[in-house]
2 protein chains.
Amino acid sequence: MEIRIGDLAKRSGCKVVTIRYYEKEGLLPKPARSGGNFRLYGEAHIERLQFIRHCRSLDMTLSEIRALLGLRDNPMQDCGEVNTLLEAHIQQVEMRVSALLQLKRHLVDLREKCSGSRSVEACGILQGLGNCNCHGESATNSQTSG
Amino acid sequence: MEIRIGDLAKRSGCKVVTIRYYEKEGLLPKPARSGGNFRLYGEAHIERLQFIRHCRSLDMTLSEIRALLGLRDNPMQDCGEVNTLLEAHIQQVEMRVSALLQLKRHLVDLREKCSGSRSVEACGILQGLGNCNCHGESATNSQTSG
DNA sequence: TAAAATCTCTATAGTCACTATAGAGTCAAG
DNA sequence: CTTGACTCTATAGTGACTATAGAGATTTTA
Ligand SMILES: [Zn+2]
Ligand SMILES: [Zn+2]
Ligand SMILES: [Zn+2]
Ligand SMILES: [Zn+2]
(Lines give C-alpha, C1' and ligand atoms only; values in the text may rest on other atoms or scores of the structure.)
(Ligands and ions follow the chains in the order given, each with its own letter.)
Protein backbone atom coordinates (compact mmCIF):
# COMPACT_ATOMS: atom_id res chain seq x y z
CA MET A 1 0.00 0.00 0.00
CA GLU A 2 2.19 2.83 -1.24
CA ILE A 3 0.75 6.06 -2.42
CA ARG A 4 2.40 9.17 -3.78
CA ILE A 5 2.28 12.61 -2.37
CA GLY A 6 -0.53 13.82 -4.63
CA ASP A 7 -2.83 11.05 -3.47
CA LEU A 8 -1.94 11.66 0.13
CA ALA A 9 -2.81 15.30 -0.41
CA LYS A 10 -6.20 14.36 -1.79
CA ARG A 11 -6.92 11.94 1.03
CA SER A 12 -5.94 14.39 3.73
CA GLY A 13 -7.35 17.51 2.18
CA CYS A 14 -4.12 19.40 2.34
CA LYS A 15 -1.71 20.49 -0.30
CA VAL A 16 1.33 18.72 -1.63
CA VAL A 17 3.61 21.54 -0.56
CA THR A 18 2.13 21.46 2.92
CA ILE A 19 2.97 17.78 3.27
CA ARG A 20 6.54 18.45 2.24
CA TYR A 21 6.57 21.32 4.70
CA TYR A 22 5.45 19.07 7.54
CA GLU A 23 8.20 16.66 6.64
CA LYS A 24 10.77 19.43 6.74
CA GLU A 25 9.41 20.50 10.12
CA GLY A 26 9.74 16.99 11.47
CA LEU A 27 6.04 16.32 11.95
CA LEU A 28 5.95 13.64 9.31
CA PRO A 29 8.78 11.12 9.13
CA LYS A 30 10.73 10.93 5.89
CA PRO A 31 8.97 8.42 3.68
CA ALA A 32 10.51 5.81 1.44
CA ARG A 33 11.41 6.86 -2.09
CA SER A 34 10.65 5.29 -5.43
CA GLY A 35 13.27 4.59 -8.07
CA GLY A 36 12.54 8.00 -9.53
CA ASN A 37 12.91 9.68 -6.13
CA PHE A 38 9.19 10.12 -5.51
CA ARG A 39 7.96 9.97 -1.93
CA LEU A 40 6.01 6.80 -1.12
CA TYR A 41 3.60 6.83 1.80
CA GLY A 42 1.89 4.09 3.75
CA GLU A 43 -0.99 3.77 6.21
CA ALA A 44 0.96 5.18 9.11
CA HIS A 45 1.69 8.38 7.23
CA ILE A 46 -1.90 8.79 6.21
CA GLU A 47 -3.17 8.41 9.72
CA ARG A 48 -0.50 10.69 11.11
CA LEU A 49 -1.25 13.39 8.60
CA GLN A 50 -4.94 13.19 9.41
CA PHE A 51 -4.09 13.60 13.05
CA ILE A 52 -2.05 16.69 12.21
CA ARG A 53 -4.77 18.18 10.05
CA HIS A 54 -7.34 17.57 12.72
CA CYS A 55 -5.19 19.37 15.26
CA ARG A 56 -4.63 22.21 12.83
CA SER A 57 -8.35 22.51 12.25
CA LEU A 58 -8.56 23.04 16.00
CA ASP A 59 -6.14 25.91 15.60
CA MET A 60 -3.26 24.25 17.37
CA THR A 61 0.19 25.46 16.48
CA LEU A 62 2.69 23.12 14.92
CA SER A 63 4.65 23.05 18.13
CA GLU A 64 1.59 22.03 20.12
CA ILE A 65 1.03 19.32 17.55
CA ARG A 66 4.64 18.29 17.73
CA ALA A 67 4.19 17.85 21.47
CA LEU A 68 1.06 15.74 21.01
CA LEU A 69 2.77 13.60 18.41
CA GLY A 70 5.67 13.12 20.76
CA LEU A 71 3.30 11.82 23.41
CA ARG A 72 1.55 9.65 20.91
CA ASP A 73 4.84 8.13 19.87
CA ASN A 74 5.59 7.04 23.44
CA PRO A 75 2.33 5.37 24.46
CA MET A 76 3.58 4.30 27.87
CA GLN A 77 3.64 7.85 29.15
CA ASP A 78 1.14 9.40 31.45
CA CYS A 79 -1.59 11.17 29.54
CA GLY A 80 -1.66 14.09 31.97
CA GLU A 81 0.35 16.20 29.58
CA VAL A 82 -2.22 15.70 26.86
CA ASN A 83 -4.85 17.06 29.18
CA THR A 84 -2.68 19.97 30.19
CA LEU A 85 -1.98 20.90 26.61
CA LEU A 86 -5.61 20.64 25.63
CA GLU A 87 -6.69 22.68 28.63
CA ALA A 88 -4.20 25.41 27.80
CA HIS A 89 -5.40 25.44 24.22
CA ILE A 90 -9.01 25.75 25.27
CA GLN A 91 -8.12 28.67 27.45
CA GLN A 92 -6.32 30.35 24.59
CA VAL A 93 -9.37 29.97 22.43
CA GLU A 94 -11.60 31.35 25.16
CA MET A 95 -9.38 34.35 25.61
CA ARG A 96 -9.34 34.98 21.91
CA VAL A 97 -13.12 34.78 21.76
CA SER A 98 -13.65 37.24 24.56
CA ALA A 99 -11.11 39.61 23.06
CA LEU A 100 -12.93 39.44 19.74
CA LEU A 101 -16.30 40.00 21.36
CA GLN A 102 -15.05 43.08 23.14
CA LEU A 103 -13.55 44.28 19.92
CA LYS A 104 -16.82 43.71 18.15
CA ARG A 105 -18.72 45.77 20.70
CA HIS A 106 -16.26 48.52 20.02
CA LEU A 107 -16.75 48.25 16.28
CA VAL A 108 -20.51 48.27 16.62
CA ASP A 109 -20.34 51.37 18.81
CA LEU A 110 -18.27 52.96 16.12
CA ARG A 111 -20.76 52.04 13.44
CA GLU A 112 -23.48 53.94 15.30
CA LYS A 113 -21.41 57.07 15.11
CA CYS A 114 -21.77 57.76 11.44
CA SER A 115 -23.85 60.89 11.29
CA GLY A 116 -25.04 60.02 7.83
CA SER A 117 -23.84 63.37 6.63
CA ARG A 118 -22.12 61.59 3.78
CA SER A 119 -18.92 63.59 4.12
CA VAL A 120 -15.77 61.94 5.34
CA GLU A 121 -14.80 65.08 7.17
CA ALA A 122 -17.86 64.94 9.38
CA CYS A 123 -18.10 61.18 9.67
CA GLY A 124 -18.34 60.14 13.28
CA ILE A 125 -16.62 56.86 12.54
CA LEU A 126 -13.35 58.38 11.48
CA GLN A 127 -13.60 60.86 14.32
CA GLY A 128 -14.23 58.04 16.72
CA LEU A 129 -11.20 56.22 15.43
CA GLY A 130 -9.09 59.30 16.00
CA ASN A 131 -10.46 60.55 19.29
CA CYS A 132 -11.37 57.50 21.24
CA ASN A 133 -9.47 57.45 24.49
CA CYS A 134 -9.96 53.78 25.15
CA HIS A 135 -6.26 53.11 24.71
CA GLY A 136 -4.96 56.09 26.62
CA GLU A 137 -1.89 58.21 26.07
CA SER A 138 0.08 56.18 28.55
CA ALA A 139 1.22 52.69 27.84
CA THR A 140 -1.82 50.57 28.58
CA ASN A 141 -1.04 48.70 25.44
CA SER A 142 -0.40 45.08 24.66
CA GLN A 143 2.32 46.05 22.26
CA THR A 144 4.35 47.93 24.85
CA SER A 145 5.67 44.98 26.74
CA GLY A 146 7.08 42.48 24.38
CA MET B 1 6.72 70.89 18.98
CA GLU B 2 9.12 68.29 17.64
CA ILE B 3 9.61 64.97 19.32
CA ARG B 4 11.89 62.09 18.51
CA ILE B 5 10.89 58.59 17.67
CA GLY B 6 11.38 57.24 21.17
CA ASP B 7 8.98 59.76 22.65
CA LEU B 8 6.46 59.11 19.93
CA ALA B 9 6.73 55.43 20.75
CA LYS B 10 6.01 56.11 24.41
CA ARG B 11 3.07 58.36 23.62
CA SER B 12 1.48 55.92 21.23
CA GLY B 13 2.30 52.74 23.09
CA CYS B 14 4.02 51.13 20.16
CA LYS B 15 7.61 50.34 19.51
CA VAL B 16 10.19 52.41 17.72
CA VAL B 17 10.71 49.76 15.10
CA THR B 18 6.99 49.58 14.50
CA ILE B 19 6.86 53.30 13.79
CA ARG B 20 9.67 52.98 11.28
CA TYR B 21 7.83 50.02 9.80
CA TYR B 22 4.66 52.09 9.35
CA GLU B 23 6.72 54.74 7.63
CA LYS B 24 8.20 52.19 5.28
CA GLU B 25 4.70 50.90 4.55
CA GLY B 26 3.49 54.37 3.73
CA LEU B 27 1.06 54.72 6.62
CA LEU B 28 3.05 57.48 8.26
CA PRO B 29 4.54 60.24 6.10
CA LYS B 30 8.28 60.70 6.20
CA PRO B 31 9.02 63.14 9.00
CA ALA B 32 11.56 65.94 9.05
CA ARG B 33 15.07 65.09 10.13
CA SER B 34 17.35 66.74 12.64
CA GLY B 35 20.93 67.73 11.92
CA GLY B 36 22.02 64.34 13.14
CA ASN B 37 19.48 62.58 10.89
CA PHE B 38 17.01 61.77 13.65
CA ARG B 39 13.32 61.71 12.78
CA LEU B 40 11.37 64.66 14.16
CA TYR B 41 7.63 64.32 14.63
CA GLY B 42 4.87 66.86 15.20
CA GLU B 43 1.24 66.84 16.29
CA ALA B 44 -0.06 65.51 13.02
CA HIS B 45 2.15 62.44 13.23
CA ILE B 46 1.13 61.76 16.79
CA GLU B 47 -2.53 61.91 15.98
CA ARG B 48 -2.12 59.81 12.88
CA LEU B 49 -0.20 57.15 14.73
CA GLN B 50 -2.86 57.01 17.41
CA PHE B 51 -5.45 56.55 14.70
CA ILE B 52 -3.43 53.68 13.29
CA ARG B 53 -2.92 52.04 16.66
CA HIS B 54 -6.60 52.35 17.40
CA CYS B 55 -7.47 50.64 14.17
CA ARG B 56 -4.91 47.95 14.84
CA SER B 57 -6.38 47.36 18.27
CA LEU B 58 -9.62 46.70 16.41
CA ASP B 59 -7.79 44.03 14.44
CA MET B 60 -7.88 45.86 11.16
CA THR B 61 -5.19 44.97 8.67
CA LEU B 62 -2.72 47.55 7.52
CA SER B 63 -4.39 47.68 4.15
CA GLU B 64 -7.77 48.37 5.70
CA ILE B 65 -6.11 51.12 7.70
CA ARG B 66 -4.42 52.44 4.60
CA ALA B 67 -7.84 52.72 3.00
CA LEU B 68 -9.27 54.58 5.99
CA LEU B 69 -6.32 56.93 6.06
CA GLY B 70 -6.77 57.56 2.37
CA LEU B 71 -10.37 58.56 2.99
CA ARG B 72 -9.37 60.69 5.93
CA ASP B 73 -6.84 62.50 3.80
CA ASN B 74 -9.54 63.51 1.30
CA PRO B 75 -12.27 64.86 3.57
CA MET B 76 -14.55 65.90 0.74
CA GLN B 77 -15.32 62.32 -0.18
CA ASP B 78 -18.49 60.48 0.61
CA CYS B 79 -18.20 58.55 3.86
CA GLY B 80 -20.06 55.57 2.46
CA GLU B 81 -16.83 53.72 1.96
CA VAL B 82 -15.95 54.11 5.61
CA ASN B 83 -19.21 52.45 6.51
CA THR B 84 -18.67 49.69 3.99
CA LEU B 85 -15.21 48.97 5.29
CA LEU B 86 -16.35 48.95 8.88
CA GLU B 87 -19.29 46.72 8.09
CA ALA B 88 -17.05 44.25 6.31
CA HIS B 89 -14.68 44.25 9.23
CA ILE B 90 -17.46 43.60 11.71
CA GLN B 91 -18.59 40.67 9.64
CA GLN B 92 -15.09 39.26 9.56
CA VAL B 93 -14.92 39.49 13.32
CA GLU B 94 -18.29 37.81 13.67
CA MET B 95 -17.23 34.99 11.41
CA ARG B 96 -14.03 34.53 13.32
CA VAL B 97 -15.93 34.41 16.60
CA SER B 98 -18.36 31.79 15.44
CA ALA B 99 -15.55 29.70 13.99
CA LEU B 100 -13.74 29.88 17.30
CA LEU B 101 -16.84 28.96 19.25
CA GLN B 102 -17.42 25.91 17.11
CA LEU B 103 -13.80 25.00 17.53
CA LYS B 104 -14.10 25.39 21.26
CA ARG B 105 -17.08 23.07 21.38
CA HIS B 106 -14.99 20.55 19.58
CA LEU B 107 -12.11 20.97 22.01
CA VAL B 108 -14.40 20.63 25.00
CA ASP B 109 -15.90 17.46 23.56
CA LEU B 110 -12.41 16.16 23.22
CA ARG B 111 -11.57 17.01 26.78
CA GLU B 112 -14.41 14.82 28.00
CA LYS B 113 -12.91 11.86 26.25
CA CYS B 114 -9.95 11.33 28.50
CA SER B 115 -10.71 8.07 30.24
CA GLY B 116 -8.47 9.03 33.12
CA SER B 117 -6.58 5.82 32.62
CA ARG B 118 -3.38 7.84 32.76
CA SER B 119 -1.80 6.08 29.82
CA VAL B 120 -1.27 7.91 26.58
CA GLU B 121 -2.05 4.77 24.67
CA ALA B 122 -5.56 4.58 26.07
CA CYS B 123 -6.22 8.29 26.26
CA GLY B 124 -9.48 9.14 24.56
CA ILE B 125 -8.20 12.55 23.63
CA LEU B 126 -5.44 11.34 21.38
CA GLN B 127 -7.76 8.70 19.97
CA GLY B 128 -10.34 11.37 19.32
CA LEU B 129 -7.79 13.46 17.52
CA GLY B 130 -6.89 10.52 15.34
CA ASN B 131 -10.29 8.98 14.69
CA CYS B 132 -12.68 11.86 14.52
CA ASN B 133 -14.41 11.88 11.19
CA CYS B 134 -15.54 15.46 11.36
CA HIS B 135 -13.27 16.42 8.52
CA GLY B 136 -13.94 13.43 6.30
CA GLU B 137 -11.65 11.55 3.96
CA SER B 138 -12.89 13.47 0.99
CA ALA B 139 -12.03 17.05 0.38
CA THR B 140 -14.44 18.94 2.61
CA ASN B 141 -11.53 21.05 3.61
CA SER B 142 -10.81 24.73 3.45
CA GLN B 143 -7.23 24.02 2.48
CA THR B 144 -8.13 22.03 -0.58
CA SER B 145 -9.22 24.84 -2.79
CA GLY B 146 -6.67 27.55 -2.75
C1' DT C 1 36.53 68.00 28.30
C1' DA C 2 36.29 63.10 28.14
C1' DA C 3 34.09 58.96 28.92
C1' DA C 4 29.92 56.38 29.51
C1' DA C 5 25.27 55.63 28.82
C1' DT C 6 21.42 56.16 26.04
C1' DC C 7 19.22 56.97 21.82
C1' DT C 8 18.96 56.69 16.87
C1' DC C 9 20.31 55.26 12.23
C1' DT C 10 20.29 51.60 8.29
C1' DA C 11 20.20 47.06 6.73
C1' DT C 12 19.29 42.37 7.23
C1' DA C 13 17.24 38.15 8.91
C1' DG C 14 13.79 35.69 11.60
C1' DT C 15 8.86 34.58 13.14
C1' DC C 16 4.51 31.26 11.67
C1' DA C 17 2.25 28.31 8.60
C1' DC C 18 2.11 28.18 4.77
C1' DT C 19 1.90 29.84 -0.68
C1' DA C 20 4.00 30.72 -5.10
C1' DT C 21 7.40 30.28 -8.53
C1' DA C 22 11.21 28.43 -11.45
C1' DG C 23 13.51 24.92 -13.65
C1' DA C 24 14.42 20.19 -13.97
C1' DG C 25 13.33 15.30 -13.71
C1' DT C 26 9.78 11.05 -13.83
C1' DC C 27 6.17 8.46 -15.63
C1' DA C 28 1.84 6.72 -18.10
C1' DA C 29 -0.86 7.12 -22.26
C1' DG C 30 -1.48 7.85 -27.13
C1' DC D 1 8.34 9.88 -29.05
C1' DT D 2 5.84 13.38 -27.62
C1' DT D 3 2.38 15.19 -24.69
C1' DG D 4 0.75 16.02 -20.26
C1' DA D 5 0.35 15.17 -15.49
C1' DC D 6 2.95 14.48 -11.70
C1' DT D 7 7.07 15.11 -8.80
C1' DC D 8 11.59 16.94 -7.33
C1' DT D 9 14.59 20.81 -5.04
C1' DA D 10 15.48 25.41 -3.97
C1' DT D 11 14.17 30.00 -3.28
C1' DA D 12 11.28 33.94 -2.28
C1' DG D 13 7.00 36.05 -0.61
C1' DT D 14 2.95 36.76 2.79
C1' DG D 15 1.55 40.05 7.28
C1' DA D 16 2.82 42.59 10.97
C1' DC D 17 5.95 42.83 13.13
C1' DT D 18 10.57 41.33 16.19
C1' DA D 19 15.50 40.82 16.74
C1' DT D 20 20.17 41.71 15.72
C1' DA D 21 24.50 44.02 14.20
C1' DG D 22 27.32 47.78 13.67
C1' DA D 23 27.70 52.55 13.26
C1' DG D 24 26.71 57.40 14.44
C1' DA D 25 24.29 61.20 17.54
C1' DT D 26 23.18 63.04 21.80
C1' DT D 27 22.90 63.35 26.71
C1' DT D 28 24.61 62.50 31.23
C1' DT D 29 28.13 62.01 34.40
C1' DA D 30 32.80 62.39 36.26
ZN1 LIG E 1 -20.12 58.50 8.07
ZN1 LIG F 1 -11.32 53.03 21.04
ZN1 LIG G 1 -6.17 10.89 28.90
ZN1 LIG H 1 -12.85 16.37 14.76
Side-chain angles (χ1 to χ4, degrees), chain A residues 2-28 30-41 45 49 51-69 89 92 96 103 141-146, chain B residues 2-28 30-41 45 49 51-69 89 92 96 103 141-146:
Chain A
E2 294 186 324
I3 63 173
R4 299 207 300 223
I5 198 167
D7 292 325
L8 180 55
K10 270 175 210 139
R11 271 167 182 268
S12 59
C14 80
K15 298 193 183 163
V16 167
V17 280
T18 305
I19 296 173
R20 287 196 284 247
Y21 173 69
Y22 290 157
E23 178 182 330
K24 205 179 62 173
E25 292 297 304
L27 298 178
L28 280 177
K30 306 210 172 202
R33 297 286 184 133
S34 74
N37 200 32
F38 288 6
R39 288 170 178 82
L40 297 176
Y41 296 98
H45 293 99
L49 181 54
F51 182 94
I52 295 171
R53 294 308 293 175
H54 194 185
C55 291
R56 282 295 296 142
S57 83
L58 295 172
D59 230 19
M60 296 184 189
T61 65
L62 294 196
S63 86
E64 285 176 308
I65 299 170
R66 224 187 309 269
L68 284 179
L69 287 170
H89 188 64
Q92 277 175 41
R96 185 107 185 90
L103 191 154
N141 207 294
S142 65
Q143 220 65 23
T144 315
S145 63
Chain B
E2 293 185 325
I3 63 174
R4 299 207 300 223
I5 199 168
D7 292 325
L8 181 55
K10 272 175 208 138
R11 271 167 183 270
S12 59
C14 82
K15 297 193 183 164
V16 167
V17 279
T18 306
I19 296 172
R20 287 197 284 248
Y21 173 68
Y22 289 158
E23 179 183 329
K24 206 178 63 172
E25 292 297 305
L27 298 178
L28 280 176
K30 305 209 172 201
R33 295 288 182 130
S34 73
N37 200 32
F38 287 8
R39 289 170 178 83
L40 297 176
Y41 296 98
H45 293 98
L49 182 54
F51 182 93
I52 295 170
R53 294 309 293 174
H54 195 185
C55 292
R56 280 296 294 143
S57 82
L58 295 172
D59 232 19
M60 296 183 189
T61 65
L62 293 197
S63 87
E64 286 175 308
I65 299 170
R66 224 188 307 270
L68 284 179
L69 287 169
H89 188 63
Q92 276 175 40
R96 185 108 185 87
L103 191 154
N141 206 296
S142 64
Q143 220 65 23
T144 315
S145 63

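Because the structure is a prediction, the values reported are computed rather than measured. Numbers restart at 1 for each chain; the letters A, B, ... are given by sequence-line order, proteins then strands.
Between B/Arg56 and D/dC17, a side-chain N or O to OP1/OP2 separation shorter than 4.0 Å is present. At C/dT19, one or more side-chain N or O atoms of A/Thr18 fall inside 4.0 Å of OP1 or OP2 (strictly under the cut-off). Using a 4.0 Å cut-off, some side-chain N or O of A/Tyr22 falls inside it from OP1 or OP2 of C/dC18. Contact annotation: B/Arg33 reaches the phosphate of C/dT10 (side-chain N/O to OP1 or OP2, under 4.0 Å).
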Set out, in order, the CA-CA distance, both residues' side-chain angles and the distance that settles side chain to side chain contact (heavy atoms under 4.5 Å, CB included) for A/Arg39 and A/Glu2, then state yes or no. CA-CA 9 Å; A/Arg39 288 170 178 82; A/Glu2 294 186 324; over 6 Å; no

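One atom, CD1 of A/Ile52, and another, P of C/dC16, lie 17 Å apart when rounded to the nearest Å. The separation between A/Leu49 atom CG and C/dC18 atom C1' is 14 Å, rounded to whole Å. Per the geometry, NZ belonging to A/Lys10 stands 9 Å off C1' belonging to D/dC6, to the nearest Å. In this structure, B/Ile19 atom CD1 and C/dT8 atom C1' are separated by 12 Å, rounded to whole Å. The distance from atom OH of B/Tyr21 to atom P of C/dT8 is 21 Å, rounded to the nearest whole Å. If you take OH of B/Tyr41 and C1' of C/dC9, they are 12 Å apart, rounded to a whole angstrom. To the nearest angstrom, P of C/dC16 lies 12 Å from NZ of A/Lys24. Taking atom CZ of B/Phe38 as the reference point, atom C1' of C/dT10 lies 12 Å away to the nearest angstrom.
A/Arg20 comes within 4.0 angstrom of a nucleotide base, judged by non-hydrogen atoms across all strands.
Annotation: side chain of A/Arg53 is in contact with side chain of A/Tyr22 (closest heavy-atom distance under 4.5 Å). The shortest distance between side-chain heavy atoms of A/Leu8 and A/Val16 does not fall below 4.5 Å. Counting only heavy atoms from C-beta outward, the side chains of A/Cys55 and A/Glu64 never approach each other to under 4.5 Å.
Between C/dC18, D/dC8, C/dT10, one nucleotide has an atom nearer to the side chain of B/Arg39 than all others, and that is C/dT10.
Contact check on B/Asp59 versus A/Arg96 returns a salt bridge, with a Lys/Arg side-chain nitrogen under 4.0 Å from an Asp/Glu carboxylate oxygen.
Judged by closest nucleotide on DNA chain D, B/Thr61 is the one of B/Thr61 and B/Gly36 placed further toward the 5' end. Mapping B/Arg66 and B/Arg4 onto DNA chain D by nearest heavy atom places B/Arg66 at the nucleotide closer to the 5' end. Each of A/Val17 and A/Asn37 was assigned the nucleotide of DNA chain C with the nearest heavy atom; the assignment lying further toward the 5' end belongs to A/Val17.
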